[in-house]
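Worksheet for the structure shown next.
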Amino acid sequence: MIFTANQIAVLIKGQIEGNPESSANSFGRIEEAQQGQLAFLANPKYEEYLYSTKASVVIVSDKLELKQPVDSTLIRVADPYSAFASLLHYYQELKTQQLQGVEEPCFISSTAKKGENVFVGAFAYIGEASEIGNNVKIFPGVYIGNSVKIGENCLLHPGVKIYHDCIIGKNVTIHAGTVIGGDGFGFAPQADGSFKKVPQIGNVIIEDNVEIGSNATIDRATIGSTIIKAGAKLDNLIQIAHNVEVGINTVIAAQAGVSGSTKIGNNVMIGGQAGVVGHIQIADFSKINAQSGVSKSIKIPKSAVTGSPAFDYTSALRSQALTRNLPDMEKRITELENQIKLLLEEKLNAEHLH
């Protein structure tokens, strides 16, 4: 697909500086882009490459003042990074829109309902009474169990597994290898020391505009629903346990884990490898630093915590600073003790002379 600078400017509402007929058919980083590619400049640290890049078209800030001539056609926008992201989104949509029809071999139950412009890749499975919305793209090897509902414009990458009765909203992207609706970790201890499995008869509900990375696992509820609310973004290798609720526009980085029945508020940010215990609440707009262990509820909105167990971020930084200064503090304390000892000895000597 080839786009002219003029067409690109219309899409991102930018102003052209240079040849409006310059064209691009792929994307490149500004420091290594070649002729026929589109690049962007958002970080001032990379401005030097603007004057040497071979990119045909470059998206830049409307506030950028050029220090020397530029060969590329420029498109000026208020936010180059967001504009470039929008273009990538358009490009991805164009590519996925071309996918239509059903590849063989695959299995689609006669009782399943399939909307318009749906793509089903080879070796996919769609179970009984499941409903697939318009423009859904199901890549090869995807498993969709019985009575699953998938809203329009969803994208299920290879190897995604969605167990029975789960509900996926609109505009949801789930990356390869992720499992939605596996059993929650429910086992009742017995008198003889063994564990008896507690059936997990709930489901998972994923609301609109959610994106879930590769090889994540979201367990079905024991009773009721595990819920990922609208706009949430989950990275790769994340574990969400049974009956958890993840709030609107909350983001969770890779390798984090959330234990059962915990309620995470809206617009929360959770760093990589953080762990959250079960049956607690995390207030809206909280920030949990990477590798933190959260063992009790965060009740105050906009809190920031770190450490294991996690505690107030500012206090933690002060503690870390004090820890680094401990050797120097020990030295000063020793010196003070020696000075006090000498003063006491001098005082005792003086009293003895009198």
Side-chain angles (χ1 to χ4, degrees), residues 92-93 95-186 199-234 236 238-246:
Q92 187 178 54
E93 279 190 340
K95 289 185 69 175
T96 55
Q97 283 171 5
Q98 296 174 0
L99 296 171
Q100 291 186 26
V102 177
E103 294 182 345
E104 295 294 345
C106 68
F107 175 82
I108 301 176
S109 170
S110 60
T111 59
K113 296 180 180 179
K114 182 167 62 72
E116 298 179 354
N117 301 318
V118 169
F119 169 72
V120 182
F123 301 101
Y125 179 102
I126 301 177
E128 296 180 4
S130 286
E131 299 178 12
I132 311 298
N134 297 334
N135 304 310
V136 170
K137 310 302 178 186
I138 299 170
F139 281 81
V142 169
Y143 170 86
I144 297 172
N146 298 338
S147 301
V148 170
K149 295 182 180 179
I150 298 176
E152 61 187 33
N153 301 316
C154 287
L155 189 61
L156 307 182
H157 285 278
V160 167
K161 307 294 188 291
I162 303 177
Y163 284 42
H164 59 280
D165 298 323
C166 292
I167 299 172
I168 312 296
K170 301 176 183 178
N171 306 310
V172 172
T173 297
I174 305 176
H175 289 277
T178 284
V179 178
I180 308 295
D183 278 0
F185 193 64
Q200 308 292 292
I201 62 172
N203 72 345
V204 174
I205 297 175
I206 297 175
E207 296 183 350
D208 299 347
N209 303 310
V210 169
E211 181 154 350
I212 301 169
S214 300
N215 295 317
T217 53
I218 302 177
D219 293 344
R220 71 192 311 107
T222 307
I223 297 174
S225 300
T226 302
I227 303 175
I228 311 298
K229 294 187 177 179
K233 312 298 180 190
L234 277 59
N236 305 326
I238 285 174
Q239 159 66 12
I240 303 294
H242 57 182
N243 293 93
V244 166
E245 291 184 13
V246 175

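Along the sequence shown, residues are numbered consecutively beginning with 1. These numbers come from a predicted model, not from an experiment.
Going from atom CD1 of Ile240 over to atom CD1 of Ile228 covers 5.0 Å, rounded to the nearest 0.5 Å. Put simply, CG on Asn203 and CD1 on Ile227 are 8.5 Å apart, with the number rounded to the nearest 0.5 Å. In this structure, CD in Glu128 is found 13.0 Å from NE2 in His164, a value given to the nearest 0.5 Å. Glu211 CD to Ile206 CD1: the interatomic distance, rounded to the nearest 0.5 Å, is 12.0 Å. Separating the CG atom in Asn236 from the CG atom in Asn215 is a distance of 7.0 Å, to the nearest 0.5 Å. Between atom NZ of residue Lys114 and atom CD1 of residue Ile138 there is a gap of 9.0 Å, rounded to the nearest 0.5 Å.
Checked by atom type and distance alone, the side chain of Ser109 pairs as donor or acceptor with a backbone atom of Thr111 at under 3.5 Å. No donor-acceptor pair closer than 3.5 Å links the side chain of Thr226 to the backbone N or O of Val204. Formation of a donor-acceptor pair under 3.5 Å by the Arg220 side chain with backbone atoms of Gly202 is found in this model. The closest donor-acceptor contact from the side chain of Glu207 to the backbone of Ala230 lies under 3.5 Å. The backbone N or O of Ala122 lies less than 3.5 Å from a partner atom in the side chain of Glu103, making a donor-acceptor pair. Between the side chain of Lys149 and the main chain of Gly133, no donor-acceptor pair closer than 3.5 Å is present.
Remark: of the listed residues Asp165, Ile144, Ile150, Ile144 is the sole one forming a side chain to side chain contact (heavy atoms under 4.5 Å, CB included) with Ser130. A side chain to side chain donor-acceptor pair (under 3.5 Å) with Gln200 holds for exactly one of Asp183, Thr222, Asp219; it is Thr222.
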- Run the numbers on Ile218 and Leu234 for side chain to side chain contact (heavy atoms under 4.5 Å, CB included), then give the verdict. CA-CA 10 Å; Ile218 302 177; Leu234 277 59; 4.1 Å; yes
- Query: When you look at Phe139 and Leu99, which way does the side chain to side chain contact (heavy atoms under 4.5 Å, CB included) test go after all the steps?
  - Reply: CA-CA 10 Å; Phe139 281 81; Leu99 296 171; 3.7 Å; yes
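Heavy atoms of other residues, nucleotides or ligands lying less than 6.0 angstrom from NZ of Lys233 number more than 12. Shown here is Gln100, whose CD atom has more than 12 heavy atoms of other residues, nucleotides or ligands within 6.0 Å. Summarising the local packing, CD of Glu104 is surrounded by more than 12 heavy atoms from other residues, nucleotides or ligands at distances under 6.0 Å.
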Which atom pairs, one a donor and one an acceptor, fall under 3.5 Å between side chains of residues 153-161 and the rest of the protein, sequence neighbours left out?
| from | atom 1 | to | atom 2 | distance (Å) |
| --- | --- | --- | --- | --- |
| Asn153 | OD1 | Asn135 | ND2 | 3.3 |
| Asn153 | ND2 | Asn171 | OD1 | 3.4 |
| Lys161 | NZ | Gly159 | O | 2.9 |

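Across all non-hydrogen atoms, the minimal contact from Gly182 to Tyr163 is CA-CE2, 3.8 Å. Ser214 and Thr178 get closest at one heavy-atom pair: C-OG1, 3.7 Å. Taking every heavy atom of both residues into account, Phe123 and Cys106 meet most closely at N-CB, 3.9 Å. Across all non-hydrogen atoms, the minimal contact from Asp208 to Lys170 is OD1-N, 2.8 Å. Nearest heavy-atom pair across Gly231 and Val210 is N-CG2, 3.9 Å. Closest approach of Gly181 and Cys166 over heavy atoms only: CA-SG, 3.8 Å.
Remark: Tyr125 engages Phe107, Tyr143 in a ring pair (Phe, Tyr, Trp, His ring centres under 6.0 Å) (not counting sequence neighbours).
Within the 4.5 Å cutoff, the side chain of Ile212 has heavy atoms near those of the Ile180 side chain.
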